[in-house]
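We name chains A, B, ... by the order of the sequence lines, and we start the count at 1 in each one.
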Amino acid sequence: MLYLQILVNGLLLGGLYACIASGFSLVWGVLNVINILHGSFIVIGSYVGLLAHQQFGINPFLTVPVAGLLLYGFGYLLQRGVINRAVGQPVLVTLTLTFGLELLVNNMLIAGFTADYKKVVLENPFGQIELGALFVPVDRLLSMVLALLLTGILYWMLRGSKLGRAIVAVRMDREAAALMGVKVNSIYAVTFGLGALMAGAAGSMMSMIYPISPIISTAYLGKAFVICVMGGLGSVPGAIVGGLALGVIESFGSLFFSAELATTFSFVLLILLLIFRPTGLMGRRGYE
Amino acid sequence: MEDYRVEHRMGLKTRRIVQAALICAVASVGMSAGAVAADKTLKFGAPLPLTGPLSPEGLKQKEGYDLWAEQVNKAGGIKVGGDSYKIEVVYADYQSNTPRAVQLAEKLITADKVNFLFSPFGSGATKAASAVSEKYGIPTIAATASSKAVYDQGYKYLFGTFTPNSTLTTPLTKLVKEKLPAVKRVAILARNDLFPLAIANVMDGSAKGSGLEVVAFEKYAIGTLDHASTLTKLRATKPDWVFATGYTNDLILIREQMRNAGLKVPVVTMIAGPAYKEYAESLGKQAENVTSAAWWHPAVRYSGEDVFGSTEKYNALFEAKYNKVPDYVQASASASGVILQLAIQKAGSVDPKKVRDALAALDAKTFYGPVKFGSDGQITSLDPPVFQIQGGKPVVILPADIKQADLKPVS
């Protein structure tokens, strides 16, 4: 029973991790840009959830689309106006650029919202489902379902829609796609916007699970990074598989070793994975 | 001729404006000269984490220092012999990065020429920076360091306003044993960080010392985003008392996840988050009946010889300036200023060596409580209050003479 509970904990945590990482993975895979801003995007999404709840009493699940669209606009403009100017450059240049933007955005958030921790406190909390000795918190379960749903939609869009095919085409060969009449800059902006949309949606959902503060952004970013490498770059399902794997590994790690060593344990596994399978669990060759 | 031409060119209206401006300028020079008669300035250096992960705490310390400096300057400054000194607190932001705190402490002393220093936040950074102020012989007050490792270095210029960690856990353990004798098994969950781990170790000692059984002692890494599995593991040890340490964000998450994991116990103690109003606001009903302890609480009642006069007056001034209730970090910061001020006045000098000796010999009453330092520089005269969140607010349950309510079980 204990193992089953730990497995459930791991899967629920993994769902949140998938949520944190999916947009980051998309941007890294398609644009070859490591978006250091991703953590702050999630935090902005959380503040949307928090403010809507404080001002109008709206449940943060319902502000998911609002936060997503807002961040889409922000991401689109940022890519169009700023990052596109450096997008063909080596990865270190774009890394420095997004790092600088992160400093800017994060400190603006601190100036605007202060670094004090806040959280959405629901009048009627979702509570948990108790199945015998098994406890399943409902808010995390819903978040996981919604995260998987959003990631599923993204996957379907990339596979089936015209826009999605254009994004994939740009990812495969930028020059060839341009020759075929794809507006590369515009595709980049849309992709970056979609990455920000996923972050905003995740942030809004998590505003009732995690304490909200601009300074939590680095924790999100760190996890997103590990999940992407673990799951494999350039693969949307990779973020889900990587997230779930990390969640389960950490949970069992803290059971068998200790909570203190859970992170160390997951990093050791990550290093082993990189040695034996550098593309990650779901990645394809060429993106490692 | 000259005069006439100028007058003509300027016109009557312009001339009046110029005259008015001149009068104002003369008047203001006169007034400021009156207020700062004979004025010298004393500089107090404060390296603080004003940005980054520790910024909530850094900004609180700043509020405490600012309020003290404002009150002292309003009262005409610090009077030493025939002189009065205005106070200037020189801040330096170390961005929550300890090595940078040490560099900035040195810069404040050597480049900004501060006369006295306030330590950075927390035991770790205070210990690191204390070597610098010791080297230059600058009297330094640590407003937020409690761990023994800070004070057992044999330093002469470092004084701290927090009593040792055991003064928080021992009274609490005694109270729980007395009021809730059915509580026998304690589970400890500690953030693997200097202060949180130190206080968890001290709790381990207090619990064992009073005959309780410590059934689990788990540490979690800094930046942990999930405690579900650890809490499931703790649940399996069937504790009656969960004692969790960390900072506000950790403790909010742990409390929330305790509910999710079905970990229900009669006593939940958390240090050091519940003293901050963010804690109760972020948890709502989940915060109810969580116990904690801190070195100061706005409900304590002391009167003093300092610039604030009494705890009530301090609270009122703080609320008027910041529109919120002070917690122990802000009060301890204000008290640090008060303590240096009293020592300077008793020494009758601003000479660092003489002020240092006055600090070592200080025996004073303040709004913060009685102040007397042990030979290692750590305060010995405080009796830290134990409190519990009741009705969304922290209320004092110990010491008995100032208690506002009795200890209640969580469930």
Part of A:Leu12 within contact of chain B (heavy atom distance under 4.5 Å): neither
Test item: A:Tyr210 and B:Asn249 side chains (from C-beta on) under 4.5 Å apart, heavy atoms: no
Region of A:Asn107 that comes under 4.5 Å of a non-hydrogen atom in chain B: side chain
Side chain proximity check, A:Gln5 to B:Lys233, heavy atoms < 4.5 angstrom: no
Options B:Ser55, B:Gly262, B:Gly284, ranked by heavy-atom pairs under 4.5 Å with chain A, top entry: B:Gly262
Worked verdict on A:Asp116 versus B:Tyr276 for side-chain contact (heavy atoms from CB on, under 4.5 Å): CA-CA 10 Å; A:Asp116 287 345; B:Tyr276 299 160; over 6 Å; no
Enclosure of B:Lys285 NZ (heavy-atom neighbours >12, cutoff 6.0 Å): no
Minimal non-hydrogen separation, A:Ala259 against B:Lys219, with atom names: CB-O, 3.3 Å
Heavy-atom closest contact (A:Pro211 atom, B:Leu253 atom, distance): CD-CD1, 4.2 Å
More than 12 heavy atoms from other groups under 6.0 Å of CZ on A:Phe256: yes
Part of A:Leu255 lying under 4.5 Å from any heavy atom of chain B: both
B:Leu283, part contacting chain A, at a heavy-atom distance under 4.5 Å: backbone
Pick from B:Gly223, B:Ser96, B:Ala228 with the largest number of heavy-atom pairs that fall under 4.5 Å of chain A: B:Ala228
Contact class of B:Thr224 relative to chain A, heavy atoms under 4.5 angstrom: neither
Region of A:Ser251 that comes under 4.5 Å of a non-hydrogen atom in chain B: both
B:Lys264 NZ: over 12 foreign heavy atoms closer than 6.0 Å: no
Greatest number of heavy atom pairs closer than 4.5 Å to chain A - which of B:Glu281, B:Gln257, B:Gln286: B:Gln257
salt_bridge(B:Asp226, A:Lys223) N-O dist < 4.0 Å: no
Residues B:Glu256, A:Lys119: salt bridge by 4.0 Å N-O rule: yes
B:Glu278 CD to A:Ser213 OG distance, which is reported to the nearest 0.5 Å: 10.0 Å
A:Phe126 versus chain B, the contacting section by heavy-atom distance below 4.5 Å: neither
Nearest heavy-atom neighbours spanning B:Ser282 and A:Val121: O-CG2, 3.3 Å
Residues B:Arg235, A:Phe135; criterion side-chain contact (heavy atoms from CB on, under 4.5 Å); working and verdict: CA-CA 12 Å; B:Arg235 195 180 73 194; A:Phe135 286 81; 2.9 Å; yes
Contact winner vs chain B - A:Thr218, A:Leu2, A:Leu13, heavy-atom pairs under 4.5 Å: A:Leu13
Heavy-atom closest pair, residues B:Asn260 and A:Arg140: ND2-NE, 4.2 Å
Nearest heavy atoms of A:Glu260 and B:Asn192, plus distance in Å: OE2-ND2, 2.8 Å
Pick from A:Leu134, A:Ile209, A:Leu16, A:Asn9 with the largest number of heavy-atom pairs that fall under 4.5 Å of chain B: A:Asn9
Rounded distance [0.5 Å steps], CG in B:Leu54 versus CD1 in A:Ile215: 7.5 Å
